[in-house]
Structure formats: C-alpha cells, structure tokens
Amino acid sequence: MIALVQGSTGAVGSELIRQLLGDTRFQRIIAISRRPLGVEAPRLEVRLHQSFTEYGSLSDVLPSVDVLFSALGISQMVEKDPARYREITYDYVLALARSLGAKTRMVFVSGQGADPSGKSRMLFARVKGDAERDLRALLGDRLTILRPGLIRPVVPREKRPLAEVIFSPIAAALTPIIPALSTTTVEIAHAMIQAVTKGGLDPLLSNSAIRRAARQYEAPV
Ligand SMILES: NC(=O)c1ccc[n+]([C@@H]2O[C@H](COP(=O)([O-])OP(=O)(O)OC[C@H]3O[C@@H](n4cnc5c(N)ncnc54)[C@H](OP(=O)(O)O)[C@@H]3O)[C@@H](O)[C@H]2O)c1
C-alpha cells in the first residue's frame with residue numbers, strides 16, 4: 001500500500017510514521033509537512049509543503065495513494081482566533097481530501113465530542129463535527145473517523161503543554177477503569193492502520209473502540 005500522512009510531525013502523526021515504517025504492508029510512506037520530520041528511511045518520502053489549501057504539487061503521487069492518514073490539527077488553547085482555528089482544522093483537511101483519487105481511503109483523527117449537527121456551543125466540537133460531516137459526504141464508506149479522548153504521547157513531545165504534563169499520568173491511571181478517557185499515540189496509530197488493513201471495523205471509532213482495535217493489531221513479520 002502507498003500511504004500519505006498529513007500532520008506527520010505531531011504526537012499522533014510521528015508515532016504513525018514509526019508504526020508504518022515497522023509494517024511492511026506499506027511499501028511507500030509519503031509525509032506532507034511544513035518542516036522536516038527528523039526521520040529518514042528508505043520507504044519514507046517527505047514532501048515539504050507550505051500552502052495547505054492547495055495540493056497541486058502532489059499531483060504526481062495522489063492518483064496512486066491507497067490511504068490518506070490525517071492527524072493534522074491544533075489545540076484551541078494554542079490557536080485562539082476562531083477563523084484561523086477553522087482554517088487549520090477544517091480547510092486544510094478538506095482540501096487534501098478533495099484532491100484524493102476516486103478509490104483512495106482516508107482515516108481522520110477527529111476528537112471526542114465532535115458534533116456533526118453543527119449545534120454545539122463549543123468551537124472545537126462544531127469545527128471537527130463539520131469536518132466529519134463533509135468528509136463523510138465526500139468519501140462515504142472510504143472514510144474511517146477516530147474520536148479519541150485525551151491522547152497520551154508515548155514518545156514525549158518536544159514542548160510538553162502544562163495540561164498534558166498534569167493530566168496524562170492521571171488519565172493513564174484512570175483509563176483502565178474509564179475506557180472512554182484516553183488513548184496513547186501508539187494505540188491510535190495501530191487503530192488507524194487496522195482501519196485499512198482489517199475488514200469490518202466501524203467507520204466511526206470512539207475512544208474505547210480505538211483501544212479495542214489497537215489490541216488486535218499485529219504487524220506482519
Ligand atoms: N492531543 C490530544 O489530546 C487530542 C485529543 C483529541 C483529539 N486530538 C486531535 O488529534 C489530532 C492529532 O493531535 P496531536 O496531539 O498529534 O497534534 P499535534 O501534536 O499538535 O500535531 C499537529 C500536527 O498538525 C500540524 N499543523 C498544525 N498547525 C498547522 C498549520 N498551521 N499548518 C500546517 N500544519 C499544521 C503540525 O505541524 P507542525 O509540527 O509543523 O506544527 C503537526 O504535524 C489533531 O487533529 C487533534 O485535534 C488531539
């Protein structure tokens with residue numbers, strides 16, 4: 001399979017790249033990023049890109065991509081301007097989805113609480129919900145959506161937000177009792193891969209379903 005990864009420098013995206021490199025079902029992994037990944041491997045190709053609403057420079061690879069994994073996003077605590085938050089969270093994702101070939105699948109990392117009805121008072125829930133709804137209309141059953149709760153990076157971020165430093169250990173301790181609470185980046189990466197390699201997975205995965213899918217993941221030897 002040929003995989004395209006959007007958001008490949010993030011906590012989820014960088015773990016996904018590590019897992020894809022360990023999974024020989026993916027012969028070619030193309031990462032689209034505004035900065036280098038700091039990882040080199042024979043099956044990995046990094047496409048440096050600056051305009052995330054326009055993907056003409058990928059026209060040589062897009063028709064042959066089997067799956068787009070999208071983990072691009074930003075926290076509302078970091079991007080406080082609602083218009084800019086929407087541009088990054090919605091426009092950047094939809095623009096790439098609209099450029100995909102007719103058979104390409106997509107796995108999209110949304111978030112717990114996303115509201116496709118557009119009625120939520122929370123910007124995060126509305127914008128992620130809008131993205132889910134419009135991606136589903138565009139791709140139908142070629143789309144799998146993940147709605148994780150708190151994500152705990154297995155490899156720590158370069159700059160750890162204070163909230164993550166405080167809440168990650170608490171969530172790690174409580175998640176065995178409350179499965180909807182959190183996932184790790186490895187669990188998300190494994191569930192994303194399962195979404196395209198294993199038949200019969202639901203097209204919308206809750207936090208608990210992500211963890212269940214991840215438990216069944218086995219990399220081919
Ligand atoms: N973290 C959580 O607890 C959590 C919980 C639920 C849902 N989610 C969702 O899960 C997804 C992945 O989360 P994460 O924690 O892995 O995020 P992250 O570590 O912040 O990574 C975000 C990715 O998006 C890219 N990005 C952000 N702003 C961009 C911009 N203006 N232009 C181009 N690229 C941009 C980043 O690129 P650069 O490295 O170049 O900035 C990075 O590759 C996000 O959509 C997030 O909303 C996260």
Side-chain angles (χ1 to χ4, degrees), residues 4-19 30-39 46-55 57-58 68-97 106-115 122-132 135 144-172 175 180-189 191-192 204-211:
L4 177 64
V5 182
Q6 184 185 40
S8 49
T9 51
V12 171
S14 57
E15 187 57 58
L16 178 65
I17 295 282
R18 269 189 288 281
Q19 298 299 332
I30 304 161
I32 177 164
S33 174
R34 57 182 173 173
R35 63 189 177 97
L37 269 58
V39 182
V46 180
R47 293 287 185 104
L48 292 179
H49 197 81
Q50 297 310 324
S51 172
F52 283 76
T53 50
E54 194 280 311
Y55 294 94
S57 67
L58 288 178
L68 164 64
F69 293 110
S70 179
L72 186 149
I74 194 154
S75 162
Q76 257 187 272
M77 284 185 274
V78 176
E79 183 51 74
K80 296 190 166 47
D81 175 357
R84 180 79 180 126
Y85 176 79
R86 187 177 180 86
E87 183 185 11
I88 296 167
T89 311
Y90 178 95
D91 295 350
Y92 289 4
V93 173
L94 264 290
L96 186 52
M106 177 171 179
V107 182
F108 171 56
V109 183
S110 179
Q112 199 169 66
D115 177 14
M122 291 163 63
L123 180 68
F124 156 81
R126 267 199 323 277
V127 176
K128 283 285 197 190
D130 287 353
E132 288 187 3
L135 287 172
T144 302
I145 295 169
L146 277 72
R147 283 187 183 164
L150 181 78
I151 297 172
R152 294 178 279 121
V154 169
V155 175
R157 297 172 197 273
E158 289 162 23
K159 291 179 198 162
R160 297 187 75 197
L162 184 60
E164 191 173 285
V165 174
I166 297 169
F167 291 120
S168 258
I170 300 171
T175 299
L181 201 58
S182 75
T183 51
T184 67
T185 45
V186 173
E187 287 173 321
I188 296 190
M192 292 177 89
L204 177 62
L205 300 178
S206 66
N207 193 82
S208 303
I210 293 168
R211 298 180 65 233

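Throughout, residue positions are numbered sequentially from 1 according to the sequence presented. First listed ligand is number 1; within each ligand, the first listed atom is number 1.
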Donor-acceptor contact present, side-chain Asp115 to main-chain Arg126, <3.5 Å: no

Pairing residues for Arg18 by the side-chain hydrogen bond (donor to acceptor under 3.5 Å, both in side chains) criterion, not counting sequence neighbours: Glu15

With Glu132 via side-chain hydrogen bond (donor to acceptor under 3.5 Å, both in side chains) - residues at least two apart: Ser110, Arg147

Phe52 atom CZ, neighbour heavy-atom count above 12 within 6.0 Å: yes

Near ligand 1, at a heavy-atom separation below 4.0 Å: residues by chain and residue number: Gly7, Ser8, Thr9, Gly10, Ala11, Val12, Arg34, Arg35, Phe52, Ala71, Leu72, Gly73, Arg84, Ile88, Tyr92, Val109, Ser110, Gly111, Lys128, Pro148, Gly149, Leu150, Ile151, Arg157

Could you pull out every donor-acceptor pair under 3.5 Å between side chains of residues 4-13 and any protein atom, sequence neighbours left out?
residue : atom : partner : partner atom : Å
Gln6    : OE1  : Ser70   : OG           : 2.7
Gln6    : NE2  : Tyr55   : OH           : 3.2
Gln6    : NE2  : Tyr92   : O            : 3.0

Derivation of the side-chain contact (heavy atoms from CB on, under 4.5 Å) call for Leu181 and Asn207: CA-CA 7 Å; Leu181 201 58; Asn207 193 82; 5.5 Å; no

